Amino acid sequence: MQDRLQSIIQSATHLFKRLFVIAMYIGILLSLFAIHRYFLLGDGGLASHIGFAFLNGFALAKVILVGQELRIGDNFRNKPLIYVIGFKSAIFAVLLLIFRILEETIIGLVEGRGVHE
């Protein structure tokens, strides 16, 4: 029992570390875009844009981690790289859309709106 619990904790810790690293990488990239937009277009509220960039980074990281755990696209490993990139990009885009719809539905239900709204 103790070994099983230790294994679960170790696995969860490893997944959280992977999630954090992916989220920070994506958050930094998105915040660079926010900084660029701030200086180029003069959009106000740089701190809030950077904060939203890191929140979006965590949302994208969650989707990427789920896709990696489901081993999406592993059957394309022996194919040319362009096919692997195209397939994985399309699958992750669909996965992101599904997560977004689910999150908005749950938020709507919590706020008292119906599913159709």
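Worth saying up front: this structure is predicted, and the values here are computed from it rather than measured.
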For Ser31 and Ala53 the tightest heavy-atom approach is N-CB, 3.5 Å
Does Phe58 form a side chain to side chain contact (heavy atoms under 4.5 Å, CB included) with Met24? I'd like the steps, not just the answer.
CA-CA 8 Å; Phe58 270 102; Met24 287 297 107; 3.7 Å; yes
Given the rule that I, L, V, M, F, W and Y join up when any side-chain heavy atoms are under 4.5 Å apart, are Phe33 and Leu96 in one cluster?
yes
Contact summary for Leu19 and Lys62, nearest pair of heavy atoms
CD1-N, 3.7 Å
What is the distance from atom CG of Leu46 to atom CZ of Arg37, rounded to the nearest 0.5 Å?
10.0 Å
Does atom CZ of Phe99 have more than 12 heavy-atom neighbours, drawn from other residues, nucleotides or ligands, at distances under 6.0 Å?
yes
Donor-acceptor pair, side chain of Ser11 and main chain of Ile8, under 3.5 angstrom
no
Rounding to 0.5 Å, atoms CD1 (Ile22) and NZ (Lys17) come to a distance of 14.0 Å
If hydrophobic clusters are built from ILVMFWY residues whose side chains come within less than 4.5 Å, do Leu29 and Val21 share one?
no
Please check if Leu102 and Leu95 belong to a single hydrophobic cluster, counting links between Ile, Leu, Val, Met, Phe, Trp and Tyr side chain heavy atoms closer than 4.5 Å.
no
Would you say Lys79 and Phe87 make side-chain contact, with heavy atoms under 4.5 Å?
no
Please indicate whether Gln10 has more than 12 foreign heavy atoms, meaning atoms of other residues, nucleotides or ligands, lying under 6.0 Å from its CD.
no
Within one Ile-Leu-Val-Met-Phe-Trp-Tyr cluster: Ile28 and Phe20, side-chain cutoff 4.5 Å:
yes
For the CZ atom of Phe92 and the CD1 atom of Ile64, what is their distance to the nearest 0.5 Å?
6.5 Å
Got a second to check how far Leu60's CG is from Leu30's CG, nearest 0.5 Å?
6.5 Å
Can you tell me how far CD1 of Ile50 sits from CG of Leu55, rounded to the nearest 0.5 angstrom?
12.5 Å
Does Glu69 CD have over 12 foreign heavy atoms under 6.0 Å away?
yes
Kindly say whether Asp3 contributes a backbone atom to a donor-acceptor pair with the side chain of Ser7 at under 3.5 angstrom?
no
To the nearest 0.5 Å, what is the distance between CD1 (Ile91) and CG (Leu70)?
11.0 Å
